[in-house]
*Asks:* 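Below you'll find the structure I mean.
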Amino acid sequence: AHSGAIEKAEALFHNMCLSKSKANYPNTRTFNTLLRGCLWCGTDVVNDGGNMHVTGGVITAENAWKECQRLKLAIFDVSSYEYSITLLCQALRTQDALERIEEMKAAFGIHKSQTTSNNDQSLTEALAV
């Protein structure tokens, strides 16, 4: 994903999700690498054999997020949420970003007086508390 070939990374991720074997499903590292690639690459229009589609950025990130939810993969960590919220904010989807913050708070049981990273607080985590 960091090489700039976000469409290839997206296709690989999608193929992993289609695997019949759960052992081939994406894990947290794979998911976060795709999200970091989305941060690096932004969105682009790709001609895939005459079919034009938008890839990268918040489009790919949200498609991957929904795919993981559909498969009930419990792979979202604090970094996943931070990357996702950053992408949503960059796309000016602030309401979606606020909803994702609430999802993160619920997922990690974060309350106003708690953090998840012991004095190494990320910006996203600071927003959540």
Side-chain angles (χ1 to χ4, degrees):
H2 289 199
S3 69
I6 194 68
E7 68 278 357
K8 290 179 183 176
E10 181 180 20
L12 176 61
F13 185 87
H14 182 68
N15 286 336
M16 291 173 77
C17 291
L18 292 175
S19 175
K20 293 189 187 306
S21 170
K22 290 187 178 188
N24 294 330
Y25 281 2
N27 60 20
T28 302
R29 176 171 278 187
T30 304
F31 183 69
N32 287 346
T33 300
L34 179 66
L35 293 182
R36 281 193 312 274
C38 291
L39 284 166
W40 278 66
C41 296
T43 55
D44 196 12
V45 177
V46 175
N47 184 349
D48 185 20
N51 296 323
M52 304 293 277
H53 69 276
V54 178
T55 189
V58 73
I59 303 293
T60 293
E62 284 300 290
N63 287 341
W65 194 279
K66 289 175 187 167
E67 187 72 9
C68 289
Q69 287 178 322
R70 184 185 69 76
L71 293 170
K72 296 180 176 39
L73 299 179
I75 62 173
F76 306 140
D77 65 2
V78 173
S79 293
S80 307
Y81 281 97
E82 184 171 1
Y83 301 142
S84 175
I85 292 163
T86 299
L87 284 158
L88 289 167
C89 288
Q90 287 175 346
L92 303 178
R93 293 175 52 182
T94 54
Q95 188 58 45
D96 292 334
L98 290 170
E99 290 170 12
R100 189 65 42 89
I101 289 170
E102 291 304 314
E103 283 177 39
M104 180 181 70
K105 288 166 70 173
F108 295 103
I110 298 173
H111 305 287
K112 288 233 180 244
S113 62
Q114 294 179 278
T115 68
T116 59
S117 58
N118 301 332
N119 298 329
D120 183 23
Q121 194 171 29
S122 72
L123 174 60
T124 305
E125 189 178 329
L127 289 171
V129 292

*Asks:* Rounded to the nearest 0.5 Å, what's the gap from NZ on Lys22 to CE on Met16? Could you check?
*Replies:*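 Nearest 0.5 Å value for the NZ-CE distance: 15.0 Å.
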*Asks:* Would you say Thr28's side chain and Ile75's backbone share a donor-acceptor pair under 3.5 angstrom?
*Replies:*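 Here the side-chain-to-backbone pair exists.
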*Asks:* Should Val58 and Cys38 count as side-chain neighbours, where that means a heavy-atom distance under 4.5 Å?
*Replies:* no
*Asks:* Can you find a heavy atom in the side chain of Leu98 that is under 4.5 Å from one in the side chain of Glu102?
*Replies:*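 Sidechains of Glu102 and Leu98: no contact.
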*Asks:* Can you check whether Phe76 reaches Glu103 side chain to side chain, under 4.5 Å on heavy atoms?
*Replies:* no
*Asks:* If you round to the nearest 0.5 Å, how far is CZ of Arg100 from CG of Asp96?
*Replies:* 7.5 Å
*Asks:* Is there a chain of hydrophobic side chains (I, L, V, M, F, W, Y, each step under 4.5 Å between heavy atoms) that links Ile59 to Met52?
*Replies:*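 Yes, one cluster joins them.
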*Asks:* Any side-chain heavy atom of His111 sitting closer than 4.5 Å to one from Lys105?
*Replies:* no
*Asks:* Out of curiosity, does Val46 fall in the hydrophobic cluster containing Ile6 (side-chain heavy atoms, cut-off under 4.5 Å, transitive links)?
*Replies:* no
*Asks:* Ring centroid separation for Trp65 and Tyr83, is it under 6.0 angstrom?
*Replies:* no
*Asks:* Side chains of Asn27 and Thr30: do they bring a donor and an acceptor to under 3.5 Å?
*Replies:*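 Judged by distance alone, the side chains do pair up.
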*Asks:* With rounding to the nearest 0.5 angstrom, report the CD to OG1 distance, Glu99 to Thr94.
*Replies:*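 Separation between the atoms: 10.0 Å.
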*Asks:* How close do Ala64 and Leu34 get, counting heavy atoms only, and between which atoms?
*Replies:* CB-CD2, 3.6 Å
*Asks:* Using side-chain contact (heavy atoms from CB on, under 4.5 Å) as the criterion, point out the one residue from Leu73, Thr33, Asn15 that pairs with Pro26.
*Replies:*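 Among Leu73, Thr33, Asn15, the one meeting side-chain contact (heavy atoms from CB on, under 4.5 Å) with Pro26 is Leu73.
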*Asks:* Would you give the length of the straight line joining atom CG of Leu87 to atom CD of Glu82, rounded to the nearest 0.5 angstrom?
*Replies:* 11.0 Å
*Asks:* Rounded to the nearest 0.5 Å, what separation is found between the CG atom of Leu18 and the CD atom of Glu67?
*Replies:* 6.5 Å
*Asks:* Test of understanding: clusters of I, L, V, M, F, W, Y form through side-chain heavy atoms closer than 4.5 Å, transitively. Do Leu71 and Leu12 belong to the same one?
*Replies:* no
*Asks:* Give the minimum heavy-atom separation between Gly56 and Thr43, together with the two atoms involved.
*Replies:*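 For Gly56 versus Thr43, the nearest heavy atoms are O-CG2, 3.3 Å.
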*Asks:* Show the nearest heavy-atom pair for residues Tyr25 and Ser19, with the distance to one decimal.
*Replies:* CE1-O, 3.2 Å
*Asks:* Kindly compute the distance separating CZ (Arg36) from SG (Cys41), expressed to the nearest 0.5 Å.
*Replies:*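 Between atom CZ of Arg36 and atom SG of Cys41 there are 12.0 Å.
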*Asks:* Taking atom types as modelled, find out whether Thr60 and Glu10 have a side-chain donor-acceptor pair closer than 3.5 angstrom.
*Replies:* yes
*Asks:* Determine whether Phe13 and Leu39 fall in the same hydrophobic cluster, where Ile, Leu, Val, Met, Phe, Trp and Tyr are linked whenever their side-chain heavy atoms lie under 4.5 Å apart.
*Replies:*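 Yes; tracing contacts between hydrophobic side chains, which count when under 4.5 Å, links both residues.
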*Asks:* Can you give me the closest heavy-atom contact between Leu35 and Ser84, atom names plus distance?
*Replies:* CD1-N, 4.4 Å
*Asks:* Can Asn32 and Ser80 be counted as having a side-chain donor-acceptor contact under 3.5 angstrom?
*Replies:* yes
*Asks:* State whether the number of non-hydrogen atoms from other residues, nucleotides or ligands found under 6.0 Å of His14 atom NE2 is greater than 12.
*Replies:* no
